[in-house]
There are 2 protein chains.
Amino acid sequence: MPAPLRIGLAGLGTVGVGVIKIVQQHAEMIAMRAGRPITITAVSARDATRDRGVDLSGLAWEQYPVALARRDDVDVFVEVMGGHEGAAHDATVAALAAGKDVVTANKALLAHSGHTLAEQAEAAGRTIRFEAAVAGGIPIIKSLTEALAGNKVRRVMGVMNGTCNYILTRMEDAGLPYEMVFEEARALGYLEADPNLDVGGIDAAHKLSLLSSIAFGTRVAFDGVEMEGIGAISIDDIRRAGDMGYRIKLLGVAQMTGRGLEQRMTPCLVPCDSPLGQLAGGTNMVVVEGDSVGQIVLRGAGAGQGPTASAVMGDVIDLARGIRTPVFGIPADRLESAVPARSAAPAAWYLRMRLLDRPGALAKIATKLGDAGISINRMRQYSHADGDAPVLIVTHKATRDDIQVALDSFRQTGVLVGDPVALRIEEV
Amino acid sequence: MPAPLRIGLAGLGTVGVGVIKIVQQHAEMIAMRAGRPITITAVSARDATRDRGVDLSGLAWEQYPVALARRDDVDVFVEVMGGHEGAAHDATVAALAAGKDVVTANKALLAHSGHTLAEQAEAAGRTIRFEAAVAGGIPIIKSLTEALAGNKVRRVMGVMNGTCNYILTRMEDAGLPYEMVFEEARALGYLEADPNLDVGGIDAAHKLSLLSSIAFGTRVAFDGVEMEGIGAISIDDIRRAGDMGYRIKLLGVAQMTGRGLEQRMTPCLVPCDSPLGQLAGGTNMVVVEGDSVGQIVLRGAGAGQGPTASAVMGDVIDLARGIRTPVFGIPADRLESAVPARSAAPAAWYLRMRLLDRPGALAKIATKLGDAGISINRMRQYSHADGDAPVLIVTHKATRDDIQVALDSFRQTGVLVGDPVALRIEEV
């Protein structure tokens, strides 16, 4: 049996403990699959005294991740600390500089510094693997980079933040308003310390930017992701979308258009009977459309100890087997800088607004839509007890820019109450 | 740029032509991803004169696949001819003997000879890759072998014959009997020359036996697959299952039990609102349950030119990158001979039968069930115009053997008309 592959594990939170459990429980099975034993030689974490429910005896303890990354008895630096600056970044740089491969679950780090780190890794003949950074245990990075490498990718889509999907599902099932379910989710510990990472779409956008890079051979461009959170979604939106056969999802979409790379992480309507529409609760789903393979759908747990540790171990086992592909599928110096295109692909739109209950109000709105070149597919005015009339419009295909022009012009009519909501209807 | 990887392509049917299209259309993209160009140097097929709609100029033509497999200008032998004996087998053996890697879409060949071929390949330092052999474009082989390698697999399930799923979906949607939809499928060209390969479950069982081997580290044991086709499923079964919230699928299930390896390819009831229950038409789905990752679902086209060629090219690109894992995930000489266990795992069962319309008939059946130690969850007798009473029973958990004892004993009652139908209700 060849020499073991030695892991230095930075971070002993939920995921780090999960990695230790797998390595300890399945040592023999993993050695057989990897062709060599895999061991953990050293760890680092803030608190050396806390009981984490796993046996840490025999493992060297480093106070600082950078020191861990540089140890001679570490072949692969596994970073499951999180945070896109500071220790996680510095330790990753140190590991690569010391000639180690890196396995990371850190989407924020890669969304911000992935290109630079990939260049550093590849210049040193090393790689960074990050299956655990996107959609937890779902093997989407490997599928895109390897299994589907014969495809020109047309579009990548995904529900990649379980907390948002939980909130939207719970609103629908229980008929509760956003604010109440948000508080529930917070009480259940589902939200990040900064909840905007979840409900603002930032965490999911980090993930999307990594998928885009692989799918389209472009440099990671997190700044190019159009982002909109789920905070403006009302229970009315969910119900009315449902009446028309749609569900609302925080959906990431990346596609290469004639105008450039479009990356969106926004609430969208998808058909109830599509795989994305059927996805309830905290589960994740990624959809890849390739020119040969057609549509491939992958579904599974997007977070949690077991699923995330499973993804980390898949990467580690690959490295033990000698599988070392470029970080983003092609060499970093061949990745192109994509031109960001903001919602260039036209779509049907769901528009909800309240109008003053006044003769001709609806006609004014319809006229403005026509002026913007947008035709109406369906329009409904709901019954109302108070003075305002809830109006729902589904348009034929229009670009985001056209819709914005129309929304702006609605304000000139003097019949609009409050802000209209505009949600894209994604064809899936 | 390193030297090209040179393909020898055996078989110019739908899939072979698909491979040529991808290689020709995406040469530059593939070279970038694979780190080297991929070319086709030589081909073989029965008919050298037929126009296949692709440019074959510049490709050497071999009359016999074995000769193709031995050519010095071939690095990887790609076998997309089909058939588990004769040319496909001999050419694969010849390719391995000549030191080539093999990529194949041939599930029948591997289900029958996979273990021997894997031993030959690994003794020669080569490998056989077969992503295209199972569920078309769905990256299930790679996911099981690599991405999920840190998991002890609990169960693998799948709908892996699109034709059967098309037939069952069409029966439900159109309310047509099996025989009529079968003839439709034949007219549409969906059926193999020997339709029993599809509707008898043989093709899907071939695929399941390959997944089992990887999942459980056991030698391919196609003979150990319990097989039952969809020919006995009536439109009544589909409707009554639907009334109870289930759909009927030809479902493959492999799991390691205390009594051995259970492999089944049989019609089962699955909940309508589960991913498997929602799978309509010719699409395939594979579900993997791992001890860390939980449930992972992969869905996509299980057949067709593009999807199958996509899978072939994923394997070829891996070989070009130098990725060469053991054929079934661990070295062939480490694979264990599993003890076959016939439906050892207990389940709830759906039983349908017709009884003579006679006082006490139902009681006799219920008594026999009780005698077999099987308790009843639900029982319905449907209204009937003729002399026989349709009866539906859903049991609590019981093994296949217990159910068989009960079915046999029903015949002794003298009230049974015709053969009862027994379908497992799989928890998914």
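Residue numbering restarts at 1 for every chain, and letters A, B, ... go by the order of the sequence lines.
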Donor-acceptor contact present, side-chain A:R33 to main-chain B:A149, <3.5 Å:
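Checking the backbone N and O of B:A149 against the side chain of A:R33, a donor-acceptor pair under 3.5 Å is found.
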Please rank [options] by heavy-atom pairs under 4.5 Å with chain B and give me the top one.
options: A:V312, A:L298, A:D315; answer: A:L298
options: A:A280, A:A311, A:A309, A:S292; answer: A:S292
options: A:G294, A:A34, A:P275; answer: A:P275
options: A:T283, A:T145, A:V316; answer: A:T145
options: A:M313, A:Q278, A:K21; answer: A:Q278
options: A:Q25, A:E131, A:M29, A:Q305; answer: A:M29

How far apart are the C-alpha atoms of B:H26 and A:N151, what are their side-chain angles, what is the distance that settles it, and do they pass the side-chain hydrogen bond (donor to acceptor under 3.5 Å, both in side chains) test?
CA-CA 8 Å; B:H26 293 321; A:N151 287 266; over 6 Å; no
Heavy-atom distance under 4.5 Å between the side chains of [X] and [Y], does that happen here?
X: A:I296; Y: B:I138; value: yes
X: B:R324; Y: A:R321; value: no
X: B:R299; Y: A:R299; value: no

At a heavy-atom separation under 4.5 Å, does [X] approach chain A through its side chain, its backbone, both, or neither?
X: B:L148; answer: both
X: B:E146; answer: both
X: B:I317; answer: side chain

Which one wins on heavy-atom pair count under 4.5 Å against chain A: B:S143, B:G300, B:A301, B:G150?
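Among the listed options, the one with the most contacts to chain A is B:G150.
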Contact winner vs chain A - B:G314, B:P331, B:P307, heavy-atom pairs under 4.5 Å:
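Among the listed options, the one with the most contacts to chain A is B:P307.
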Name the region of [X], side chain, backbone, both or neither, that has any atom closer than 4.5 Å to a heavy atom of chain B.
X: A:L144; answer: neither
X: A:M32; answer: both
X: A:D291; answer: side chain

Under the side-chain contact (heavy atoms from CB on, under 4.5 Å) rule, what do B:I323 and A:D318 come out as? Steps first, then yes or no, please.
CA-CA 9 Å; B:I323 297 177; A:D318 268 3; over 6 Å; no
Other residues, nucleotides and ligands only: do more than 12 of their heavy atoms fall within 6.0 Å of [atom1] on [X]?
X: B:R334; atom1: CZ; result: no
X: A:E336; atom1: CD; result: no
X: B:E427; atom1: CD; result: no

